[in-house]
Q: 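Have a look at the structure that comes next, please.
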Amino acid sequence: KDAVKKRILIGMSNTGGGHKASAEAIQAAFQERYGKKYEIFIVDLWKEHTPAPFNSMPDTYSFLVKNAFLWRFTYEVTNPKLIHVPYLSAVGSFVSRGVHEALDKYHPDLVVSVHPLMQHIPIRVMAERIRSGAMPPTNFATVVTDFTTCHNTWFCPGATRCFVPTDYCRQLALENDMAPEQIILHGLPIRPSFSRPLPSRAVLRRTLGMATGLPAVLLVGGGEGMGALEETVSQLDARLGDKCQVVVICGRNRSLQERLRARPKGTGHVLLHVCGFVDNIHEWMGACDAIITKAGPGTIAEALISGIPILLNGNVPCQEEGNIPYVIDNRVGTFETRPDRIASIIASWLIEGGEEQRAEFVAMGRRAKALGRPKAVYRIVDDLAALADEPCFDFGPAAAALLRQRNGAAAT
Ligand code: UDP
């Protein structure tokens, strides 16, 4: 093992794009801050290190989440601790060998999880190895990548630290028996590109090929281009015509991109900029006046940092539900699913609203900016670096308690 370089294993799984994005944000911030001092390994523990059928978990999630009823059922049934602790314990007897393999392969100085299903089993495996002397004392940290409502499996008292993005999540962690000193609130880890200063809106618009003088709205549906984006474009076109420009980021949704490109252009039509999956979303956010998006945690946190009002047009059931009251209660945006009403709201925000409405729109943007946490990723990374350098022994007793709990369950 390299004497200087510390090794950090980030366990994630590609269920939705957000976990991978958070893992990559942490990796990028580590590089920026510490150069080569830490080596980061991002590993899909479910896909790469577990046997069938557990390795198909990411694909199962993609299927479930598109079928709202099935997803809600799975989520709610496994949410109580009474269910998921023994459930994960049972699954653990099958998958723990995979976790052993990953630990043998990477010899981490710190294990980080950015996934709700990667606490209980890895912690138990680590505790066993530490106790038997097969592994030196090593910290385990969870970085919660949901924003408000989140599944209880995120919280395992055996973790050394749990980084949460909002006070709502902090409360959930407390309700799940985590001690206050285990929970740290910095915000969601967002890519470092969001914390660097941007050129002015006018300069950004010129570089991105947008009209400088027209109000602009950004339309996104997460990494997969989900939701009624096409119908929303039609309604914006009908309502606003050439008084406005719309940037649509289709993500990985190729057919949507093609359909939008084929739409009529020119006089009387909304000026449309159609993009596929982009890696400069921070620039598009900086160039636009407002955003229409599903209630994805990543996109909401990024829009807050960019200081643009948010119109939420839908959500993944369960874990994104709490993000809607979060946006409304903090008065940084609103929620509307019907495309015709969405177009009316955008019209009142950007074009037709009176002085009072205009002032409120500007205030929403200011409140968003104040709520954004561009430095969160660096604070998380500094804390993780300290955890990699210095195993603190509060992991030991907590993990031991977990082991006792499991052994007790096995004995009955
Ligand atoms: N994103 C991106 N380029 C795209 C579309 C999306 O970088 O073309 C990013 C977006 O900035 C955000 C993430 O993908 O960081 C989407 O995360 P979110 O939590 O909003 O939704 P998810 O796709 O995970 O459901």
Side-chain angles (χ1 to χ4, degrees), residues 12-29 44 58 61-66 68 71 75 114-116 143-151 154 165-166 169 187-196 198 208 218-227 229 246-257 260 273-288 291-306 308 310-324 326-327 332-333 335 368 372-374 376-377:
M12 61 101 197
S13 185
N14 250 327
T15 51
H19 307 299
K20 185 156 179 266
S22 299
E24 286 171 353
I26 293 171
Q27 184 177 41
D44 189 330
Y61 171 81
S62 298
F63 168 76
L64 286 177
V65 88
K66 286 184 193 119
W71 177 240
Y75 188 98
V114 292
H115 195 274
V143 180
V144 177
T145 65
D146 283 325
F147 207 45
T148 52
T149 28
C150 48
H151 201 278
W154 273 112
T166 53
C169 280
L188 213 63
I190 294 298
R191 278 163 291 176
S193 49
F194 274 89
S195 63
R196 295 190 198 112
L198 274 179
L208 295 169
L218 183 62
L219 181 56
V220 263
E224 306 300 322
M226 286 154 78
L229 303 189
V246 181
V247 178
V248 192
I249 294 181
C250 304
R252 293 181 201 87
N253 191 339
R254 273 178 190 279
S255 64
L256 171 70
Q257 210 185 128
L260 288 177
H273 307 272
V274 182
C275 307
F277 193 92
V278 299
D279 55 18
N280 62 340
I281 216 164
H282 58 292
E283 292 180 338
W284 291 105
M285 285 191 188
C288 288
I291 183 171
I292 307 170
T293 174
K294 77 174 183 80
T299 308
I300 293 177
E302 291 162 359
L304 293 178
I305 294 172
S306 308
I308 50 176
I310 306 166
L311 200 169
L312 296 176
N313 66 350
N315 64 288
V316 166
C318 304
Q319 75 268 31
E320 286 183 0
E321 269 158 22
N323 300 348
I324 297 163
Y326 180 87
V327 162
V332 292
F335 176 66
R373 291 172 176 264
V377 71

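Counting starts at 1 for both ligands and their atoms, in listed order. Every heavy atom of this structure was used, including side-chain atoms; hydrogens, water molecules and symmetry mates were not.
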Q: With atoms numbered from 1 as shown, which atoms in ligand 1 lie under 4.0 angstrom from a non-hydrogen atom of Gly296?
A: 18 (P), 19 (O), 20 (O)
Q: Has the side chain of His151 got a donor or acceptor atom that lies under 3.5 Å from a matching backbone atom of Pro116?
A: no
Q: Under 3.5 Å, is there a donor-acceptor pair between the side chain of Asn313 and the main chain of Ile292?
A: no
Q: If we set the cut-off at 4.0 Å for heavy atoms, which region of Val278 has an atom near ligand 1: side chain, backbone, both, or neither?
A: both
Q: Of all the atoms in ligand 1, which lie at a distance below 4.0 Å from a heavy atom belonging to Gly223?
A: 6 (C), 16 (C), 23 (O)
Q: Would you find a donor on one side and an acceptor on the other, under 3.5 Å apart, between the side chain of Ser195 and the backbone of Pro192?
A: yes
Q: For Leu256, is there any backbone N or O sitting under 3.5 Å from a side-chain donor or acceptor partner on Asn253?
A: yes
Q: Hey, what do you get for CG (Leu219) to CD1 (Ile249), rounding to the nearest 0.5 Å?
A: 9.0 Å
Q: Based purely on interatomic distance, does Ile249 place a nitrogen or oxygen under 3.5 Å from a nitrogen or oxygen of ligand 1?
A: no
Q: Can you tell me if Asp279 has a non-hydrogen atom under 4.0 Å from ligand 1?
A: no
Q: Checking the side chain of Arg191 only, and the main-chain atoms of Glu24 only, is there a donor and an acceptor separated by less than 3.5 Å?
A: no
Q: Answer with yes or no whether Glu302 contacts ligand 1, where contact means a heavy atom under 4.0 Å from a ligand atom.
A: yes
Q: Is Lys294 near ligand 1, meaning one of its heavy atoms is under 4.0 Å from it?
A: yes
Q: Which word best sums up how the rings of Tyr326 and Phe147 line up, parallel for under 30°, tilted for 30 to 60°, or perpendicular for over 60°?
A: perpendicular
Q: Applying a strict 4.0 Å limit to heavy atoms, is His19 in contact with ligand 1?
A: no
Q: Test your reading of the model: is there a side-chain donor-acceptor pair from Thr299 to the backbone of Gly222, 3.5 Å cut-off?
A: no
Q: Counting heavy atoms only, which part of Glu224 comes closer than 4.0 Å to ligand 1: side chain, backbone, both or neither?
A: neither
Q: Check each atom of ligand 1 against the heavy atoms of Arg191 and keep those under 4.0 Å away; list them by number with element.
A: 7 (O), 9 (C), 10 (C), 11 (O), 15 (O)
Q: Residues in ring-ring contact (aromatic ring centres under 6.0 Å, His included) with His282, at least two apart?
A: Phe194
Q: Is the contact between Met226 and ligand 1 made by the side chain, the backbone, both, or neither, using heavy atoms and a 4.0 Å cut-off?
A: neither
Q: Tell me which part of Thr299 gets within contact of ligand 1: side chain, backbone, both or neither, using heavy atoms under 4.0 Å.
A: both
Q: Can you find a non-hydrogen atom of Gly276 under 4.0 Å from ligand 1?
A: yes
Q: If you measure every N or O of Gly298 against every N or O of ligand 1, does any of those distances drop under 3.5 Å?
A: yes
